[in-house]
There are 2 protein chains.
Amino acid sequence: MKTQVTIYDIARHLNISKSTVSRALTGHPNINSETRRSVLDLAEKMDYQRNTLSISLIKNKTYTIGVLVPEFSTSFYPQVVAEVQRVAAEAGYNIVISLSNDCYETEVANAAMLLSRKVDGLLVSLSNQTQNFDHLKKFQRRGIPVVLLNSVCNELLMPRVMVNDYDASFKAVEYLIRSGKQRISHLAGPGTSAVNQRRLSGYLDALKKNGLPVREELIIPYDLKLNKVKIYVRYLLNLPQAADAIFAVNDPSAIEAIKAIKSLGLRVPEDMAVIGFGNNYGAECTEPGLTTLNHPVAEMGRSAINLLLQMVQDDASKWRAITKSLEAQLIVRGSA
Amino acid sequence: MKTQVTIYDIARHLNISKSTVSRALTGHPNINSETRRSVLDLAEKMDYQRNTLSISLIKNKTYTIGVLVPEFSTSFYPQVVAEVQRVAAEAGYNIVISLSNDCYETEVANAAMLLSRKVDGLLVSLSNQTQNFDHLKKFQRRGIPVVLLNSVCNELLMPRVMVNDYDASFKAVEYLIRSGKQRISHLAGPGTSAVNQRRLSGYLDALKKNGLPVREELIIPYDLKLNKVKIYVRYLLNLPQAADAIFAVNDPSAIEAIKAIKSLGLRVPEDMAVIGFGNNYGAECTEPGLTTLNHPVAEMGRSAINLLLQMVQDDASKWRAITKSLEAQLIVRGSA
DNA sequence: TTGTACGCGTTATCAC
DNA sequence: GTGATAACGCGTACAA
């Protein structure tokens with residue numbers, strides 16, 4: 001059974017104590033430079049590798065950040081996570097990623113796992129289902145900082161980074177109105193998610209502010225299962241007063257809508273304009289290109305992890321439950 | 001300073017020894033059911049959380065798998081990783097993800113980090129740049145199993161999971177030939193990557209086997225920077241004998257090619273057919289839809305992690321350097 | 001400058 | 001069934 005090389009092994013070989021070896025390895029000032037040299041050489045030769053576990057145990061610090069996100073099914077979270085990983089690595093931290101698959105139970109289980117792994121901080125984007133926040137409270141109670149991404153939790157005071165969905169949606173709908181559209185429909189996501197609520201609000205207010213009536217029949221809440229989009233599009237076109245634009249809650253829905261419209265022999269944006277949300281992969285691949293709101297993914301990841309790393313270093317008394325709200329820009333391609 | 005609740009705290013409160021507490025918590029058989037009950041109750045009440053670090057230290061086992069991939073810039077790795085995470089979680093393992101950004105130095109640094117974190121196994125997809133494999137050898141030397149994903153390393157004997165790029169490319173090119181194309185171009189990726197080499201081989205052999213000449217001017221090696229695609233497309237169309245089809249090494253290139261062809265006023269696939277590789281997000285968004293080879297992402301992730309978990313459990317003497325080669329299916333949409 | 005002794009939180013091996 | 005005691009690998013007061 002091959003066991004690892006420890007500082008004790010090095011110490012024996014050099015006839016010194018393991019504390020001296022430790023000092024050499026950690027770069028402690030009080031050590032003879034020759035001793036240190038020979039330790040480093042031998043360590044190299046013996047292919048010594050520090051055991052991070054024991055150090056973490058002693059220092060009660062793991063240099064690990066837990067990242068809890070719902071899914072990787074669009075480009076959004078992968079891109080956010082990539083940026084988070086990059087920034088964290090620069091600061092000497094590693095990340096442990098957990099996917100909740102938008103399932104509350106999985107989210108709780110993963111949170112418990114990250115807790116028992118003694119992460120130094122938690123970056124979390126809650127699942128759509130999550131209504132109970134005890135799993136996050138456990139972190140707070142232990143003095144482990146938590147930053148929310150794209151999520152709201154009114155019970156808990158913790159910093160969060162989000163996109164200004166309201167403003168963005170408002171902007172998108174107003175753009176449609178300015179380009180002459182009158183019957184703008186909203187393909188909405190599940191109302192359980194605060195994100196979707198904010199997008200709906202932006203839609204509603206843009207209509208009101210511009211003197212357009214809110215028509216219930218044009219607001220379609222759906223579960224984001226793409227196969228239903230075609231049905232909705234057909235419905236919108238067959239209304240007594242057909243819709244002339246769709247503001248979709250996300251890009252995949254918008255892309256699906258464009259396909260449906262075209263398959264019915266109609267033109268985008270003349271017969272029906274479409275605007276999405278996210279600017280995911282694929283948004284520029286449609287014909288016409290999808291006009292959509294750009295999610296500032298890298299910036300979101302960067303803000304969130306920087307906020308969290310700052311909290312990790314600061315004393316808990318310095319923590320502030322600030323909300324960082326980033327703007328989503330409207331990218332005009334051709335679908336609206 | 002709030003410190004964590006330990007088994008010793010529980011022991012004191014109940015006037016028993018910490019060994020007994022440990023036994024209760026781990027479900028050891030030799031323990032009075034009443035004692036156990038009171039321990040579990042108190043643990044719950046005190047919000048006790050096991051410290052995985054110390055257990056890992058003592059058991060020399062972390063239940064952690066290192067996952068080292070190049071990037072998250074297409075849907076490929078995120079989807080693979082999502083599946084790996086799912087399967088690993090089922091088996092009680094967590095994963096630590098590291099992105100190398102296709103940079104050799106980063107890859108080496110990340111590997112060292114994972115090593116010092118004492119991962120139980122490593123799943124790695126090498127960067128394009130990687131030519132030296134010492135960082136992987138270190139794992140092997142310590143008895144930590146490594147599985148390669150989509151990578152080749154002739155120096156090292158380790159299992160790998162890959163797509164049968166050769167067969168897939170052969171299939172795609174043959175499909176183009178059958179549909180009447182004669183001057184099939186290949187937009188190739190950097191030759192340093194074995195994956196790209198295999199795709200090129202499949203292209204070449206399909207031509208040969210079907211009696212078509214290999215024309216050097218139709219083979220374009222490029223660095224996958226999408227902004228160059230338009231130039232290449234124009235070049236291919238302006239040849240004395242213009243190309244009539246493009247087999248692109250990946251989907252983004254193919255999608256870019258379709259756009260370029262259409263922007264020049266030509267038709268896909270009549271004037272120029274296009275086939276991609278990967279079936280990434282966006283492949284079904286183009287007009288016409290992109291005909292491409294489907295990367296069996298979930299299956300690849302599953303195979304790789306299952307192979308690795310098996311090795312983690314087995315003795316090193318049982319390890320076999322098998323190669324698991326999965327088939328990529330041709331998805332015919334409209335671009336060819 | 002170096003060595004000794006202890007502790008981090010837990011499990012394992014002995015006794016009893 | 002339970003309790004000491006020794007590990008796991010390392011850092012660090014404290015003493016020398």
Side-chain angles (χ1 to χ4, degrees), chain A residues 1-40 42-43 46-64 115-120 142-144, chain B residues 1-40 42-43 46-64 115-120 142-144:
Chain A
M1 192 54 196
K2 62 185 63 173
T3 177
Q4 66 182 311
V5 178
T6 73
I7 54 171
Y8 184 63
D9 296 323
I10 299 182
R12 264 188 330 193
H13 278 257
L14 293 174
N15 253 323
I16 57 179
S17 79
K18 57 180 185 165
S19 19
T20 306
V21 176
S22 171
R23 275 189 279 260
L25 258 23
T26 52
H28 195 93
N30 290 347
I31 187 172
N32 184 309
S33 60
E34 266 188 50
T35 319
R36 167 201 232 141
R37 186 57 182 268
S38 57
V39 168
L40 293 182
L42 186 57
M46 293 179 76
D47 196 20
Y48 167 79
Q49 191 80 30
R50 279 166 100 135
N51 186 329
T52 305
L53 293 175
S54 49
I55 302 179
S56 297
L57 187 58
I58 287 179
K59 301 218 165 162
N60 196 25
K61 165 122 186 149
T62 56
Y63 286 96
T64 302
L115 196 56
S116 89
R117 298 233 153 196
K118 303 286 163 195
V119 293
D120 292 339
R142 286 175 172 70
I144 300 171
Chain B
M1 190 55 197
K2 62 184 65 174
T3 177
Q4 66 183 311
V5 178
T6 73
I7 52 171
Y8 184 64
D9 296 323
I10 299 181
R12 265 187 332 193
H13 278 255
L14 292 173
N15 254 323
I16 56 180
S17 77
K18 58 181 183 164
S19 333
T20 305
V21 175
S22 172
R23 274 189 280 260
L25 257 25
T26 52
H28 196 94
N30 290 347
I31 187 170
N32 183 309
S33 60
E34 267 188 48
T35 318
R36 165 202 233 139
R37 186 57 184 267
S38 57
V39 168
L40 293 182
L42 187 57
M46 294 179 76
D47 196 19
Y48 166 79
Q49 191 81 31
R50 279 165 101 135
N51 188 329
T52 305
L53 292 175
S54 51
I55 302 180
S56 295
L57 185 60
I58 202 170
K59 297 219 167 165
N60 196 25
K61 166 123 186 152
T62 57
Y63 287 95
T64 303
L115 196 55
S116 89
R117 299 232 152 196
K118 302 285 161 195
V119 293
D120 292 339
R142 285 174 173 72
I144 300 171

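Sequence lines set the chain letters: A, B, ... in the order given, protein chains first and strands last, and positions in each chain run from 1. Any value given below was found using the heavy atoms of this structure, including those in side chains, with hydrogens, waters and symmetry copies removed.
Taking 4.5 Å as the limit, some side-chain heavy atom of Thr35(B) sits within range of a side-chain heavy atom of Thr20(B). Contact annotation: the side chain of Thr26(A) approaches that of Arg50(A) to within less than 4.5 Å [non-hydrogen atoms, C-beta and beyond]. Leu14(B) has its side chain within reach of Leu42(B): a pair of non-hydrogen atoms, C-beta onward, lies under 4.5 Å apart.
In this structure, the CD1 atom of Ile10(A) is 12 Å from the C1' atom of dC10(D), given to the nearest Å. A straight line from CZ of Arg23(B) to C1' of dG9(C) spans 16 Å, rounded to a whole angstrom. To the nearest angstrom, P of dA13(D) lies 11 Å from CD1 of Ile58(A). When the P atom of dG3(D) is taken as reference, atom CZ of Arg12(B) falls 15 Å away, rounded to whole Å. Taking atom NZ of Lys118(B) as the reference point, atom C1' of dC8(D) lies 11 Å away to the nearest angstrom. One can place CG of Asn30(A) at 15 Å from P of dC14(D), the figure rounded to the nearest angstrom. Atom P of nucleotide dT10(C) and atom OH of Tyr8(B) are separated by 13 Å, given to the nearest angstrom. Taking atom CD1 of residue Ile31(B) and atom P of nucleotide dT11(C), one finds them 12 Å apart after rounding to whole Å.
Across all strands, Ile55(A) comes closer than 4.0 Å only to sugar-phosphate atoms, never to a base (heavy-atom distances). Among the heavy atoms of the strands, none lies under 4.0 Å from Leu25(B). Residue contacts shown for Thr26(A) are limited to sugar-phosphate atoms, with no base heavy atom under 4.0 Å away.
When the nearest nucleotides of DNA chain D are assigned to Ser17(B) and Leu53(A) by heavy-atom distance, the more 5′-ward of the two goes with Ser17(B). The residue among Leu57(B) and Ser19(B) whose nearest nucleotide of DNA chain C is located toward the 5' end is Leu57(B).
In terms of phosphate contacts, Ser22(A) brings a side-chain nitrogen or oxygen within less than 4.0 Å of OP1 or OP2 of dG11(D). Between Lys59(A) and the phosphate of dT12(D), there is a side-chain N or O to OP1/OP2 separation shorter than 4.0 Å. The side chain of Thr6(A) places no N or O atom within less than 4.0 Å of a non-bridging phosphate oxygen (OP1 or OP2) of dC8(D).
Among the nucleotides dG9(D), dT2(C), dG9(C), the one closest to any side-chain atom of Thr35(A) is dT2(C).
When each of Ile16(A), Val39(A), Ile31(A) is tested with Arg23(A) by the rule side chain to side chain contact (heavy atoms under 4.5 Å, CB included), just one qualifies, namely Ile31(A).
Donor-acceptor pairing under 3.5 Å is lacking for the side chains of Gln49(A) and Lys118(B).
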